[in-house]
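Presented below is the structure to which this report refers.
Heads up: numbering here begins at 1 and tracks the sequence.
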Amino acid sequence: MPDGEVIVERGSTAQELGPKLNRSGADVVRFLFQQGEMVTTTQSLSDDMIELFAAELGASVRLVDPGEEKEAELQAKYFDDEEEDDDSLRPRPPVVTVMGHVDHGKTLLLDRIRETNVVAGEAGGITQHIGAYQVVYQDQRITFIDTPGHEAFTAMRARGAEVTDIVILVVAADDGVMPQTVEAINHAKGADVPIIVAINKIDRDNADPNRVMQELSNQGLVPEAWGGDTIMVEISALQNFGVDDLLEQVLVVAELEELVANPEGKARGIVLEANLDPGKGPVATVIVQSGTLRTGDPTVAGAAWGRVKALLDENGDQVKEAAPSTPVQVLGFDAVPSAGDEFRVTDKPKTARDIAEQRGERYRAADLRRTSSATGTGAKLEDIFEQIQRGETASLNLVLKADTQGSLEAVTESLRKLEREEVKLSFIHRAVGGITENDVTFAAASNATIIGFNVRPDRGARELAEQHDVEIRTYEIIYKLIEDIEAAMVGMLAPEYEEVITGEAEVREIFRVPRVGAIAGCYVRHGVITRGSKVRFLRDGVIIWKGQITSLRRFKEDVREVHENFECGIGLSNNQDLREGDLIETFDEREIPRT
């Protein structure tokens, strides 16, 4: 047994796990089989399976994300992150993230700050991408990040909190603290950044700022007016009231935070959003955290790399460079980076390409592992129910395409929440861009359904999908996508039934009839006894037999049913062990709608 802690990648197969613990893959499979888990040596194992096998051996394991160790080696090899020299640090603009519950007025507030209209361009009036903008107020720059408020975009909000210096929490005065408000507070607290509360919509007749402050106090945000340390500003984004006060408070907090960065040296920062533009190619919205990003710089972000061809500000105008805290769109990547990736400027293009290629190989290996474990049991929508009827766990394979990385991530997280014990989701392929013939080929090979969010299939893809009977579903509103898939998955679930007691009869006397068997002379105590009903036989409260009523008589006549307080003769299928005092209970099984 290996000494010390053994590092194991999540999703490792039995043949990968075994040797790390001085065992064979067959040993792992055999042990898990004894625990009731059927796996193959090449199937990815869950965290619980890995920890269970390690515990059996008395080994200590630390689970890491695939490639985590190799990524650390890459960082150490190519990037020399030395401590910043205090003399090289310069003041930088604050990065402010606007958070809050859906429809509490975040985007309208930014409209007032920017004097633009973002809301009109959003499907359904909901912000569905991260937008980053820089404004000048009192001759000082402030960078704003607008995070979507819909519950599906929790991960995007979390990423916004990672790069921010100050959080503006927008809470509607007429609505109060809502679930996404609490999530936003937790993200901000997790990032350890100061929170300024903007109590919006105070122009409404039913506005109650005091109730909002009380609810926020319950979440640990005590207003300064009540002796706490949380700044709260009453505003009306609609009436453009209180916005200047809010911006002044942002500058006060920023000054107290003493925000600095080194504008010299190679730039690095975070990819906030990325998409494939038909005219420009891969476009990444990044925020620079240190150094200065310039046109021509060799850059790597995740598995994407390239020279910076152009830098665009929030208005689409070209700029030559981007200093710390500046949001900018970067053109020149060879592929679409993932939202949340760190971008780094390297010493030369070859270095950027080498890093991207090594990461790409690692990502593809991880995807292949996930796909191989998923495609074996995958089924399309129409096949799922049959799998469940056979007692199998069904897997719905999906090819997911979206217009941006943030949307892709949000849709993925939303759909994962719909999984049930009987129906699992497997994302065979996820990518940014329109639905292509390659996607259809991939879906056909893995028996998958294609889901498109804000993207459409081209003509070739549509024709190929018809040939291969591949289903393509496209959506523009995330609510509708989630509702449709949820409805489909609920339909796939094995139906649940509840038993409804319809009648109860007490056995008073036993008659033996030649060639028929025992007939129970009964008195119906409750409900209705119906011929053909399902029945169970109770003796002292214990079920000793189940079957069906084969005959039902009143005196010498066959009847269909006998009601409460009447006597009858009951013949039961395949049971001769009747005694006086036994109870005959009839019941129906009614299907319960799955939710």
Exercise. Can Arg554 be said to sit on top of Phe566's aromatic six-ring, NZ or CZ under 6.0 Å from centre and within 45° of the ring axis?
Worked result: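 That pair does not qualify as a cation-pi contact.
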Look only at the side chain of [X] and the backbone of [Y], and say whether a donor-acceptor pair between them is shorter than 3.5 Å.
X: Ser12; Y: Val8; value: no
X: Asp484; Y: Leu481; value: no
X: Lys20; Y: Ile7; value: yes
X: Asp439; Y: Thr436; value: yes
X: Glu506; Y: Gly581; value: no
X: Ser338; Y: Asp341; value: no

Please find the pair of heavy atoms, one from [X] and one from [Y], that lie closest to each other, and give the distance.
X: Gly176; Y: Val212; value: CA-CG2, 4.0 Å
X: Ala14; Y: Val29; value: CB-CG2, 3.9 Å
X: Val432; Y: Asp403; value: CG1-O, 3.3 Å
X: Val61; Y: Glu51; value: CG2-CG, 4.4 Å

Is any side-chain heavy atom of [X] less than 4.5 Å from a side-chain heavy atom of [Y]?
X: Val336; Y: Gln405; result: yes
X: Ile450; Y: Val440; result: yes
X: Arg23; Y: Phe53; result: yes
X: Leu398; Y: Leu415; result: yes
X: Ser551; Y: Ile519; result: yes
X: Thr404; Y: Ser407; result: yes

For this session: Take Arg211 and Glu215 through the salt bridge (charged side-chain N to carboxylate O under 4.0 Å, His left out) test and state the conclusion after the steps.
Result: CA-CA 6 Å; Arg211 178 175 67 89; Glu215 290 175 351; 2.9 Å; yes
Exercise. Quick one: side chain to side chain donor-acceptor pair (under 3.5 Å) partners of Thr412, sequence neighbours excluded?
Worked result: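 Only Arg430 meet the side chain to side chain donor-acceptor pair (under 3.5 Å) criterion with Thr412.
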For this session: Name all residues meeting the side chain to side chain donor-acceptor pair (under 3.5 Å) criterion together with Arg508; count only those two or more places apart in sequence or in a different chain, and write none if there are none.
Result: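 For Arg508, no residue satisfies side chain to side chain donor-acceptor pair (under 3.5 Å) once neighbours in sequence are set aside.
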For this session: Apply side-chain hydrogen bond (donor to acceptor under 3.5 Å, both in side chains) to Thr441 and Asn438, showing your working.
Result: CA-CA 5 Å; Thr441 304; Asn438 285 339; 5.1 Å; no
Exercise. Any side-chain donor paired with an acceptor under 3.5 Å for Asn565 and Tyr523?
Worked result: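 There is such a pair between these side chains.
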For this session: Working to the nearest 0.5 Å, report the span between NZ of Lys546 and CZ of Phe537.
Result: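 So the gap between those two atoms works out to 14.5 Å.
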Exercise. Roughly how far apart are Thr586 OG1 and Glu504 CD, rounded to 0.5 Å?
Worked result: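 Going from the OG1 atom of Thr586 to the CD atom of Glu504 covers 9.0 Å.
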Exercise. When the ring centroid of Phe453 is compared with that of Tyr475, is the distance short of 6.0 Å?
Worked result: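 For Phe453 and Tyr475, the ring centres are not under 6.0 Å apart.
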Exercise. Are the charged groups of Asp582 and Arg539 less than 4.0 angstrom apart, N to O?
Worked result: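 So Asp582 pairs with Arg539 through a salt bridge.
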Exercise. Is Lys534 salt-bridged to Asp588, going by a charged N under 4.0 Å from an acidic O?
Worked result: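 Salt bridge between Lys534 and Asp588, a charged N being under 4.0 Å from a carboxylate O: no.
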Exercise. So among Ile529, Ile501, Thr502, which one has a side chain to side chain contact (heavy atoms under 4.5 Å, CB included) with Glu585?
Worked result: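 Answer after filtering Ile529, Ile501, Thr502: Ile501.
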